[in-house]
Amino acid sequence: MPQGESSPRAWRTVLERIEADLLEGRLGPGDRLPGERELAANLGVGRSSVREALRVLESMGLVRTASGSGPSAGAMIVATPQGGIATLLRLQLAAQGFPFSDVVASRAVLEGSVVESLAAAIRDGQDPDLAESERLLLAMADDDLEPEDFLALDARFHLSLAEASGNVVIAAVMAGLRTAIEAYARQGAAAVADWPALVADLRDEHAAVLDAVRTGDPELARERVRSHITGFYARTHLTGSAPRQKGS
C-alpha cells in the first residue's frame, strides 16, 4: 500500500501498533499518543484511518480525545485493555446488534458474580483495590455533568468493579459490552422525563452496591447490583436491539 493510503482495514494497523505499545509497556494510562499526522506518517496510513482507530479505542474506554491545541489536546491513554484489543473489538462489533434484554440479562449475571466475589474477598480478610470505583462514584456526584458524561462514568464504574475482581475474562467481556451498555443507557435516559430524579436514584444505587461490597455481604451486593441493572431497564421501558453506532 502506498505511503499514506487508506483502506478499509488500514485503521486496524493503528490498533495493532497501539496494542503492542500497551502490552510491551511503551504506553500506559496518562500517556499521550502522537498526533494524527505523526501516526499516519509513521504507520503509512491515511489520517482518516488514524481517526477511525482512535474512535474505536475511545468507544472501548481505552483513550479519551480532546480537540483544540495545548497540553490537554489529542488522545490520552486512560486504561489498558483487559484482554487483547482484537478480542474487545470483536465483542464491540457483535454487541452492536444484541437485543437490549440480552445485554441486561448478561450484565445481571456477570456483575452479580463480580460484586459477590469482591464482597466475599473482603469478608475473608482480603483487600481488593476499589480506589478507581470510589473515584468514579465521587465523579458522578458532580451536579454539572451532562447526561452523556454521567452515563460514560456510570459504564466505567461498572467496568472498574469487574477489573477490581481480578477476573480478566469477565473484565474483557464487560469492556466489550461497553458500547452496547452506553447505547441503551443513553436511549433510556432520553426517554425519562425527570433526568435529575433518575440521576439521584442511580447515584444512591451505585453507593449502595459499593457499600454492600465494602461491608463484605456477598448476597446483598449481588441483589443490589441485579436490582440496579434490571431496574433501570424496567423504568425506561427499553425494547428491541441495540442501535448501530455512528460510523460502524
Side-chain angles (χ1 to χ4, degrees), residues 1-98 103 106 132 148-149 151-153 155-156 158-160 162-163 167-184 186 241-248:
M1 182 176 68
Q3 180 77 9
E5 180 180 337
S6 294
S7 76
R9 296 183 181 276
W11 57 273
R12 292 177 183 267
T13 300
V14 185
L15 286 183
E16 289 166 3
R17 170 62 177 273
I18 293 172
E19 177 179 29
D21 286 346
L22 286 167
L23 295 177
E24 294 172 19
R26 291 188 293 270
L27 284 175
D31 291 337
R32 293 195 174 275
L33 295 174
E36 281 183 15
R37 188 186 303 276
E38 183 178 347
L39 276 173
N42 289 344
L43 299 176
V45 300
R47 293 180 67 177
S48 62
S49 295
V50 172
R51 286 191 291 270
E52 176 65 10
L54 293 177
R55 185 192 69 79
V56 172
L57 289 168
E58 188 166 25
S59 77
M60 291 178 180
L62 300 180
V63 306
R64 286 289 185 191
T65 58
S67 58
S69 58
S72 63
M76 182 180 73
I77 303 292
V78 295
T80 53
Q82 300 294 313
I85 284 178
T87 300
L88 294 182
L89 179 59
R90 285 193 294 271
L91 282 166
Q92 288 278 358
L93 295 174
Q96 290 172 9
F98 290 163
V103 175
S106 297
E132 176 72 358
E148 286 210 357
D149 292 334
L151 294 172
L153 290 170
R156 179 63 199 157
H158 287 271
L159 180 56
S160 73
E163 291 171 349
N167 188 318
V168 295
V169 175
I170 290 181
V173 172
M174 287 294 299
L177 290 175
R178 181 185 176 117
T179 298
I181 291 169
E182 288 194 38
Y184 86 65
R186 284 194 301 269
S241 298
R244 300 292 293 179
Q245 300 302 300
K246 182 178 179 181
S248 62

Heavy-atom neighbours of Arg51 CZ exceed 12 at 6.0 Å: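 Counting other residues, nucleotides and ligands, CZ of Arg51 exceeds 12 neighbours.
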Other residues, nucleotides, ligands: >12 heavy atoms within 6.0 Å of Arg37 CZ: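 No.
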Nearest-0.5 Å distance, CD of residue Glu38 to CG of residue Leu43: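 Spacing of CD (Glu38) from CG (Leu43) equals 10.0 Å.
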Leu39 backbone acceptor or donor facing Asn42 side chain under 3.5 Å: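 Answer holds: no.
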Of all heavy-atom pairs between [X] and [Y], which one has the smallest distance, and what is that distance?
X      : Y      : result
Ala152 : Arg64  : CB-NH2, 3.8 Å
Ile170 : Ala162 : CG2-CB, 4.3 Å
Arg47  : Ala40  : CG-CB, 3.9 Å
Met174 : Leu159 : CB-CD1, 3.8 Å
Thr65  : Ala75  : CG2-CB, 3.8 Å
Val14  : Ser49  : CG2-O, 4.3 Å

I want to check something: taking the side chain as every heavy atom from C-beta on, are [X] and [Y] in contact at a cut-off of under 4.5 Å?
X      : Y      : value
Leu33  : Leu27  : yes
Glu132 : Arg156 : yes
Arg26  : Asp31  : no

